[in-house]
Amino acid sequence: MKILVVGSGAREHTIVWKLSHSTKVKEIFAAPGNAGTTMLARNLDINPNDIRTLLKTAIEKKVDLTVVGPEVPLAEGIVDEFQAKELPIFGPTKAASQIETSKVFSKKLMQKYNIPCAPSNIFSSYQEAKQYLVRQPIPIVIKADGLAAGKGVIVAETLKQAQQALDNIMLERVFGAAGDRVVIEEKLNGREMSVFSFSDTATSIPSMPACDYKPVFDGNRGPNTGGMGSYSPPNFLTNGLYEKINNTIMQPAVKAMQNEGLPYQGVLYGGLMITDTGPKVMEFNARFGDPETQVVLPRLKTDLVDIMLAVVNKKLNQIKIEWNNKACVGVVIASGGYPSNYKRGFPINGLDNLDDDILTFHAGTKLDEAGKFITSGGRVLTIVATAQTLAQARERVYNNISRIKFEGCHFRKDIALFDP
Ligand code: AMP
Ligand code: GLY
């Protein structure tokens, strides 16, 4: 088979890496990929949002399966376009992607189908939202309805912060039309967990949960990032909790989409808060998480191609998905200044000095003219180790990550040391 993977992050490098283990795979293309994917795939210089060129390329190169990493091409309807040409593609349609692309849509879905989530209200009028806000207990959470590159959620600890967030979203329109509507919801307390399940519209198979560390600095301090590290399985995951998540959240969500006439095909990501009164949804995403994928896929025993084909061909009920019992820890090395401004183009040293059991997934990396790795983004690499215990996996990662150096590089020292 020839497979096309759309995207350029460490998530996509991990997907390429996992797919490359399948005996069914002859060739992999990454669009656009990164310096890491060049080792396993042919990089194609195509913007992941350029659906027309992706479609043309998939036809020309006789691609048998396309896998979409990021949310924007899903939101733009890449799956609809490919399906219209009968090209197999892994991911939900534009309409089904609304579960991620509209927080108002997903909130209404959860309310209608009794999927546990924070009590909330939806506003399309700034004045009404503003008046409502002053009567609410603080802290409170303000969410822009649409996609905002992970920046559209503000957990406000004071009324002033909440008002500022509302002004930014609805008056200043910092996220454009994504801020036409807002969801204002109660702040949930507990521990965060990300869960992924595969769905072929009718069958949904629970996948492995992971924890994601969003703030940039140790101790969960500093501004939020795309994710500075991850581990799987979560320390606080019990069989009972796992079943409850699947029975009260993940399976009902897939059924709800089916009921609404928006059958969901692909991987569904539940961003959950495990509260004293049980697991609750903070958000759904229509794709794999980054950096969670980097610690979830190394634990997958089943051929990922088989799973993705079963999703695309609606035969998920015919396969069994197996995971190993090991612990996996991934730590992100970022450019100096990230998540704010940072410089690119620094040589990355030490990558050839890592132990054999360490996985290196690239994100913001490029090859320079001499064929050496240089930095080209905010999150540069995810370094991953798998071991019998979480403590061992942690030790392996940190032992190796300190050998990697580039100007300004930084990483969190406390991934998997405490629960996020
Ligand atoms: P989301 O994009 O909706 O997952 O929100 C991003 C981050 O904001 C989450 O990972 C949480 O840390 C936080 N968050 C979102 N909604 C809530 C909530 N209702 N209560 C507490 N934290 C929240
Ligand atoms: N790790 C968060 C996300 O992928 O949205």
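All heavy atoms count here, side chains included; hydrogens, waters and symmetry mates do not. For clarity, every value in this text was computed on a predicted model and none was experimentally measured. Just so you know, ligand 1 is whichever comes first in the structure, and atom 1 is the first atom listed for that ligand.
- When only non-hydrogen protein atoms are considered, atom 13 (C) of ligand 1 lies nearest to Val155 CG2, 3.8 Å.
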Check step by step if side-chain hydrogen bond (donor to acceptor under 3.5 Å, both in side chains) holds for Asn399 and Arg396. CA-CA 5 Å; Asn399 184 298; Arg396 302 290 307 130; 4.9 Å; no
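- Assignment of Lys280 to the shell around ligand 1 is not supported, since no heavy atom sits closer than 4.0 Å.
- In this structure, Glu283 does not pair ionically with Lys143, as no charged nitrogen and carboxylate oxygen lie closer than 4.0 Å.
- Close contacts of ligand 1 with Lys103, meaning ligand atoms under 4.0 Å from a residue heavy atom, involve 2 (O), 3 (O).
- Checked by atom type, the side-chain pair Asp212/Ser230 shows no donor-acceptor distance below 3.5 Å.
- Considering only non-hydrogen protein atoms, atom 20 (N) of ligand 1 sits nearest to Leu188 N, 2.7 Å.
- Residues Glu100 and Tyr269 bring no donor and acceptor atom of their side chains to less than 3.5 Å of each other.
- Every atom of ligand 1 with a heavy atom of Lys143 under 4.0 Å away is listed here by number and element: 3 (O), 15 (C), 16 (N).
- You'll find the ring centres of Phe418 and Tyr213 inside the 6.0 Å limit.
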Between ligand 2 and the protein, find all N/O pairs closer than 3.5 Å and give the distance for each.
residue: ligand 2; atom: 1 (N); partner: Asp212; partner atom: OD2; Å: 2.8
residue: ligand 2; atom: 1 (N); partner: Asp290; partner atom: O; Å: 2.9
residue: ligand 2; atom: 1 (N); partner: Glu292; partner atom: OE1; Å: 2.8
residue: ligand 2; atom: 1 (N); partner: Glu292; partner atom: OE2; Å: 3.3
residue: ligand 2; atom: 4 (O); partner: Arg287; partner atom: NH1; Å: 3.1
residue: ligand 2; atom: 4 (O); partner: Asp290; partner atom: N; Å: 3.0
residue: ligand 2; atom: 5 (O); partner: Arg287; partner atom: NH2; Å: 2.9

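- The heavy atom nearest to atom 5 (O) of ligand 1, considering only Ile154, Val153, Ile142, is found in Val153.
- Under 3.5 Å, the side chains of Thr203 and Asn317 contain no donor-acceptor pair of N or O atoms.
- Listed by atom number, the atoms of ligand 1 under 4.0 Å from Lys187 heavy atoms are 20 (N), 21 (C).
- Under 4.0 Å is where a charged nitrogen must lie from a carboxylate oxygen, and between Glu407 and Lys343 no such pair does.
- Applying the 4.0 Å criterion to heavy atoms of Glu185 picks out, from ligand 1, the atoms 16 (N), 17 (C), 18 (C), 19 (N).
- Note on Asp355 versus Arg403: salt bridge recorded, some NZ/NE/NH1/NH2 to OD/OE distance being below 4.0 Å.
- Atoms of ligand 1 lying under 4.0 Å from at least one heavy atom of Glu283, given by number and element, are 1 (P), 2 (O), 3 (O), 4 (O).
- A donor-acceptor pair shorter than 3.5 Å cannot be found between the side chains of Gln163 and Asp167.
- Note that Arg191 lies in the cation-pi zone of Phe236, set by a 6.0 Å cut-off to the ring centre and a 45° limit from the axis.
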Would Asn34 and Ser8 count as a side-chain hydrogen bond (donor to acceptor under 3.5 Å, both in side chains) if you check the C-alpha gap in whole Å, the side-chain angles of each, and the deciding distance to 0.1 Å? CA-CA 6 Å; Asn34 54 42; Ser8 64; over 6 Å; no
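- Closest to atom 12 (O) of ligand 1, if we only count protein heavy atoms, is Glu192 OE2, 2.4 Å.
- Of the protein's heavy atoms, Met282 SD, 3.5 Å lies nearest to atom 14 (N) of ligand 1.
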